[in-house]
Amino acid sequence: MDFREIEAKWAKFWEEHPELSSGVDNDTKRKKFYVLVEFPYPSGSGLHIGHAFSFTGADVQARFRRMQGYNVMFPMGWDSFGLPTENYAIKTKRKPQEIAKENEQAFKKQMKKLAYSFDWNREISTADPNYYKWTQWIFIQLFKKGLAYKKEMPINWCPSCKIGLANEEVIDGKCERCRAEVSRRNIAQWIVKITDYADKLIEGLGKTNFIEKVKQAQINWIGKSEGARIKFKIQNSKFKIKELEIFTTRPDTLFGATFMVVAPEHKLVLQILNPSFDSPLDRGESKTAPALLREGVGEGFDLDAVKNYVINAGKKSEMERTELNKEKTGVFSGLYAINPATGKEIPIWISDFVLAAYGTGAIMAVPAHDERDFAFAKKFGLPIVPVVMPDNGHDFEKEAYTDVNVGKIVNSPPINGMTPAEAFKKMIEWLVEYKIGEKTNSYHLRDWIFSRQHYWGEPIPMVWCEKCGWMPIPEEELPVKLPEVEHYEPTDTGESPLSQMTDWVKTKCPVCGGEARRETDTMPNWAGSDWYFVRYLDPRNEKEIAGMEEMKYWMPVDLYIGGDEHNTLHLLYSRFIYKFLYDLGVVPTKEPYFRRMSHGVILGPDGQRMSKSRGNVVVPDEIVEKYGVDVVRMYLMFMGPFEGTMAWNEKTLLGVKRFLEKLERLVYKHIKSNCASNKWAQVIINKKIDGITRNIESFGYNTAIAKMMEMINELQIKNYELRIEDIKKIIKLAAPMVPYLAEELWNKVKDNNDSKSVHQAEWPKAEEKYLVEEEITIAVAVNGKVREQLVVKSEDAENREEVIKKAKGLLGMKKWLEGKEVMKEFYVPGKMINLVLK
RNA sequence: GCCGCCGUGGUGAAAUUGGUAUACACGCAAGACUUAAAAUCUUGUGGUCUCAAAAACCGUGUGGGUUCGAUUCCCGCCGGCGGCACCA
């Protein structure tokens with residue numbers, strides 16, 4: 001039968017039987033298994049081959065587990081908010097709501113075609129007000145717990161998308177999406193304090209079964225370093241700021257700190273430029289009062305130089321700043337601080353190699369033991385004092401000595417002779433005793449900029465009241481629905497298009513009832529996808545994000561399949577939100593995902609990443625039309641390891657097509673079979689059942705398919721008669737990969753006692769008795785090289801002496817052993833013998 | 001620079017805990033069936049040596065090491081991929 005007919009027939013049947021793919025809440029008789037695959041952003045161009053690859057891998061696992069008797073949760077939904085839809089809406093002058101709906105429908109249709117057994121009763125969309133009501137609710141909880149606040153700060157601004165970007169969305173100083181150069185702008189933004197959860201996010205990884213790569217990516221992203229904060233007194237300061245606090249990972253080198261450096265954005269710099277300063281940086285337009293400055297300011301100070309330096313640093317994009325990697329720039333601030341260890345005066349410099357956002361935005365510079373400090377000291381002629389010395393000495397004129405593990409402390413009277421590690425501890429004690437510092441940690445992770453100045457996203461449910469400040473919308477009034485506007489273009493001022501809707505913006509303060517304005521920013525893309533896996537469990541709950549009973553049953557997600565590109569951002573954000581919800585007591589577990597798998601990537605036939613511009617895109621629809629769904633599914637799984645990167649190759653696909661045809665012929669040949677059980681056929685089939693089951697469990701889909709091919713080949717070559725029972729087992733083994741064909745064949749061979757669908761049938765179990773070999777072939781090696789084969793009865797294989805004796809007696813062994821003395825004999829039971837000759 | 005991963009035939013790739021390297025598939029070659037083609041089936045297919053075969057030797061990026069035995073474990077190089085990167 002033509003595959004098109006088969007597909008149409010069974011698609012209809014499955015449509016009429018949704019129970020085949022539904023997860024059953026609180027089914028205590030079966031073990032639950034929650035398979036989650038990252039839900040797509042439904043773009044206008046439809047499902048691409050990468051989607052097909054990861055969804056097929058997930059679907060195979062879901063179908064396999066169901067047949068094994070698990071109660072499987074396998075949901076799907078839509079991450080529908082996003083810029084492409086907004087841009088498309090602007091271009092076509094249509095409503096994003098409508099476009100999103102259409103795309104969702106198109107995706108769903110394609111998914112059904114590809115036989116993905118999603119539980120469609122649990123379908124959700126992040127752009128659905130009934131869904132984003134709860135996204136907004138989560139934001140309000142963050143606000144109430146003090147984890148969300150609004151602050152004016154420089155953001156990464158993409159001039160092309162006209163949107164603020166999170167640090168994570170800036171790649172090499174360019175916009176992740178459109179590759180435009182990112183500049184910086186000061187805009188009031190909602191910030192979420194993810195850094196409060198930095199330690200919990202690291203610790204929690206211990207409870208998960210993520211692969212090492214993912215754990216490491218998360219740990220690196222959080223970037224925890226242990227060190228100390230130390231306060232340095234500013235000498236003769238006429239300013240409000242009397243001391244400078246720094247963060248260092250090397251308090252052991254404090255005696256070697258010969259100068260200090262602050263970031264151009266540091267408040268001390270603002271103070272220098274504007275001694276009456278008490279407001280945020282008004283970049284480049286600070287009114288200075290030079291007269292105030294002259295006292296307490298050191299030799300070599302040049303106010304104009306400082307001013308220019310700060311203005312220029314502000315103009316530079318992050319890209320330019322980091323690109324100037326080699327040549328350090330800087331300017332003397334005119335101020336001195338006291339090194340608390342040596343009591344000596346050291347100059348304070350200003351340089352953009354110090355980042356305002358990390359640590360305290362200020363450092364103590366130890367040029368002898370830090371490469372950057374060294375380069376800076378060399379350029380500006382600042383003193384270099386070694387305080388750690390390795391046994392074989394070191395040329396401090398040439399480079400910094402940075403090894404913490406080798407060397408002894410010098411030039412530091414109270415701690416001389418200690419190792420850096422001992423000195424670290426000692427210095428911390430000393431800092432605490434004299435109240436000039438303490439042990440702290442610092443993180444690369446920065447707080448999450450949560451505002452987007454765009455239309456197509458969840459409105460941030462906040463109201464600004466002159467009297468009361470920022471107030472959340474009362475929870476019973478949620479959702480704050482996205483109003484329909486005339487046009488969706490972002491504004492050049494950086495405000496959301498919502499801001500032009502005066503009727504909507506004007507509102508009453510929920511506390512005092514006075515005049516108030518709504519927040520017009522919307523949430524970033526990540527907001528909706530942070531917690532979607534919870535909503536699937538109870539998608540229509542109107543009282544809470546999901547019922548606790550359902551969550552207790554299903555959580556955590558047993559298996560989360562997604563792309564490498566989400567291993568840091570999405571995974572970290574969603575773990576953070578989930579942990580926050582756990583602390584609120586609304587979700588039952590500390591971690592959302594038990595196991596994370598990152599699926600591989602499919603490259604174009606030319607071995608390059610698929611892209612429209614390269615013209616190497618393989619479209620699933622076309623290929624499905626040509627070969628049928630089953631062939632495409634199985635080929636995708638056969639290409640290579642599920643986590644690997646591999647190129648599309650249509651010729652290899654033909655091998656899969658041939659295999660399925662062979663399988664079909666084999667089934668039809670035995671359709672009326674009534675022969676007796678053939679022992680050798682049983683041996684073949686049961687061994688493969690055993691192997692295939694283990695392979696699918698461990699995502700070795702490619703080897704599982706190879707074993708199916710071996711099975712069919714062997715049965716065909718030997719031409720064994722097979723019983724209907726055997727044929728049923730073979731069909732079941734193929735069912736997760738090729739659901740349509742398997743269903744068709746199943747219905748040809750099944751009888752009244754069998755389940756109506758092969759996908760409800762019980763996964764075959766290998767019978768032990770057929771797995772045990774009667775005879776075993778043992779390799780016989782001499783000095784590690786295999787020379788002969790020895791066949792023994794398997795019950796004799798345990799008898800070491802006997803086996804070795806037999807091996808030595810093999811005819812072919814004569815020439816190897818003659819006149820030689822056997823020094824040692826190794827026997828790996830049932831596998832091989834190695835005779836070591838003198 | 002730092003972190004992580006990887007390197008096996010002409011190609012995609014296999015190889016439980018160290019135990020017969022190259023399973024399965026593609027491609028290629030030869031053959032069967034056919035008027036012919038397609039499809040199907042059979043056989044062969046790492047390298048050197050050989051008319052051919054046998055045998056032997058060499059072979060998992062490279063050089064060492066551990067071991068009776070290493071694709072697998074350890075160390076040093078070379079090459080590639082991914083992530084991070086002036087993070088004090």
Side-chain angles (χ1 to χ4, degrees), chain A residues 171-172 211-221 223-225 227 246-250 253 257 260-261 263 321-326 328 351-355 357-366 369-373 375-376 402 442-446 564-565 567-568 598 601 607 635 638-641 643-656 658-659 661-662 665 691 694 698 700 702-711 713 716-717 777-789 815 822-837:
Chain A
I171 311 290
D172 291 336
I211 52 170
E212 199 49 35
K213 171 167 95 167
V214 177
K215 283 190 186 179
Q216 274 308 322
Q218 299 243 319
I219 289 169
N220 289 347
W221 192 268
K224 178 175 181 171
S225 3
I246 59 98
F247 173 77
T248 179
T249 53
R250 297 290 305 273
T253 63
M260 302 185 82
V261 188
R321 269 168 85 154
T322 52
E323 234 177 6
L324 298 170
N325 214 336
K326 290 156 211 140
K328 295 271 182 291
S351 173
D352 62 8
F353 87 84
V354 172
L355 306 176
Y358 183 73
T360 62
I363 62 160
M364 67 177 205
V366 185
H369 304 288
D370 181 282
E371 283 166 27
R372 294 149 303 172
D373 298 351
F376 196 85
T402 55
S442 189
Y443 303 89
H444 292 193
L445 183 71
R446 307 204 190 150
D564 270 341
E565 68 274 21
N567 282 346
T568 37
S598 37
V601 180
Y635 169 61
F638 185 57
M639 287 174 84
E643 298 182 67
T645 302
M646 52 249 136
W648 183 263
N649 178 352
E650 206 156 317
K651 277 188 174 160
T652 307
L653 180 144
L654 288 176
V656 171
R658 284 178 201 149
F659 163 70
E661 285 161 359
K662 234 189 250 185
R665 281 198 297 272
R694 274 194 283 191
S698 57
N702 52 339
T703 50
I705 295 167
K707 288 194 175 79
M708 287 181 211
M709 289 171 169
E710 284 168 11
M711 174 172 67
N713 288 346
Q716 188 181 301
I717 289 166
T777 305
I778 294 168
V780 184
V782 177
N783 285 338
K785 287 199 168 139
V786 177
R787 300 299 182 182
E788 287 296 321
Q789 306 286 330
K815 73 179 200 196
V822 178
M823 301 292 290
K824 271 181 178 169
E825 297 162 344
F826 291 89
Y827 177 50
V828 184
K831 290 225 167 119
M832 78 173 317
I833 291 169
N834 190 17
L835 302 174
V836 182
L837 304 186

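Convention: sequence-line order gives letters A, B, ...; per-chain numbering from 1.
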Integer angstrom distance from the C1' of B:rG47 to that of B:rU60
13 Å
For A:E650, which residues count as a side-chain contact (heavy atoms from CB on, under 4.5 Å) partner, sequence neighbours excluded?
A:I623, A:K626, A:Y627, A:W648
With heavy atoms under 4.0 Å as the rule, sort A:M832 into base, sugar-phosphate or nothing.
base
Using the test side chain to side chain donor-acceptor pair (under 3.5 Å), find all partners of A:N702 that sit at least two apart in sequence or belong to another chain.
none
Which nucleotide in B:rC86, B:rC41, B:rU40 has an atom nearest any side-chain atom of A:K662
B:rC41
Does A:F376 have A:K328 sitting over its ring (NZ/CZ under 6.0 Å from centre, angle to axis within 45°)?
no
Classify the side chain of A:Q789 versus the base of B:rU20 as yes if they form a donor-acceptor pair under 3.5 Å and no if they do not.
yes
For B:rA70 and B:rC3, measure between their P atoms and round to the nearest Å.
30 Å
What's the gap between B:rC5 and B:rG12 when it is taken at their P atoms, as a whole Å value?
23 Å
Syn versus anti for B:rG69, judged by chi lying within 90° of 0?
anti
Euclidean distance for C1', B:rC2 against B:rU11 (whole angstrom):
35 Å
A:N713 side chain near B:rA25 phosphate (N/O to OP1/OP2, under 4.0 Å):
yes
In the structure shown, which nucleotide is the Watson-Crick or G-U wobble counterpart of B:rU40, with both distances under 3.5 Å?
B:rA32
Can you tell me, in whole Å, how much space there is between the C1' of B:rG65 and that of B:rG69?
15 Å
Watson-Crick or G-U counterpart of B:rA53, or none if no pair lies under 3.5 Å
none
Side chain to side chain donor-acceptor pair (under 3.5 Å) filter on A:N834, not counting sequence neighbours, yields none
Taking a pair to mean Watson-Crick or G-U wobble geometry with both distances below 3.5 Å, B:rC68 pairs with B:rG19
Pairing check on B:rG76: which nucleotide meets the Watson-Crick or G-U wobble criteria with it, both distances under 3.5 Å?
B:rU62
Side chain of A:S225: nearest nucleotide among B:rA88, B:rA25, B:rU42?
B:rA88
Under 4.0 Å between any heavy atoms, over every strand shown, what does A:E371 touch: base, sugar-phosphate, or nothing? Just pick one.
nothing
Can you build the contact string for nucleotides 4-16 of chain B? Use B for base contact, S for sugar-phosphate-only contact, and - for no protein heavy atom under 4.0 Å.
S-------BSS--
Taking N or O atoms only and anything under 3.5 Å, show me the protein contacts with nucleotides 66-70 of chain B, one pair per line.
| residue | atom | partner | partner atom | Å |
| --- | --- | --- | --- | --- |
| B:rC68 | O2' | A:N834 | ND2 | 3.3 |
| B:rC68 | O2 | A:N834 | ND2 | 2.5 |

Sticking with atom C1', work out how far B:rC78 lies from B:rU62, rounded to a whole angstrom.
7 Å
Pairing check on B:rU45: which nucleotide meets the Watson-Crick or G-U wobble criteria with it, both distances under 3.5 Å?
B:rG27
With nearest nucleotides of RNA chain B determined for A:Y443 and A:R658 from heavy-atom distances, which residue corresponds to the more 5′ nucleotide?
A:R658
Do any N or O atoms of the protein come closer than 3.5 Å to N or O atoms of nucleotides 56-58 of chain B, and which pairs are they?
| residue | atom | partner | partner atom | Å |
| --- | --- | --- | --- | --- |
| B:rC57 | OP1 | A:R787 | NH2 | 3.3 |
| B:rC57 | OP2 | A:R787 | NH1 | 3.1 |
| B:rC58 | OP2 | A:K785 | NZ | 3.1 |

Answer for the Watson-Crick or wobble partner of B:rC2, both distances under 3.5 Å, is B:rG83
Between B:rC73 and B:rU40, how far apart are the C1' atoms? Round to whole Å, please.
48 Å
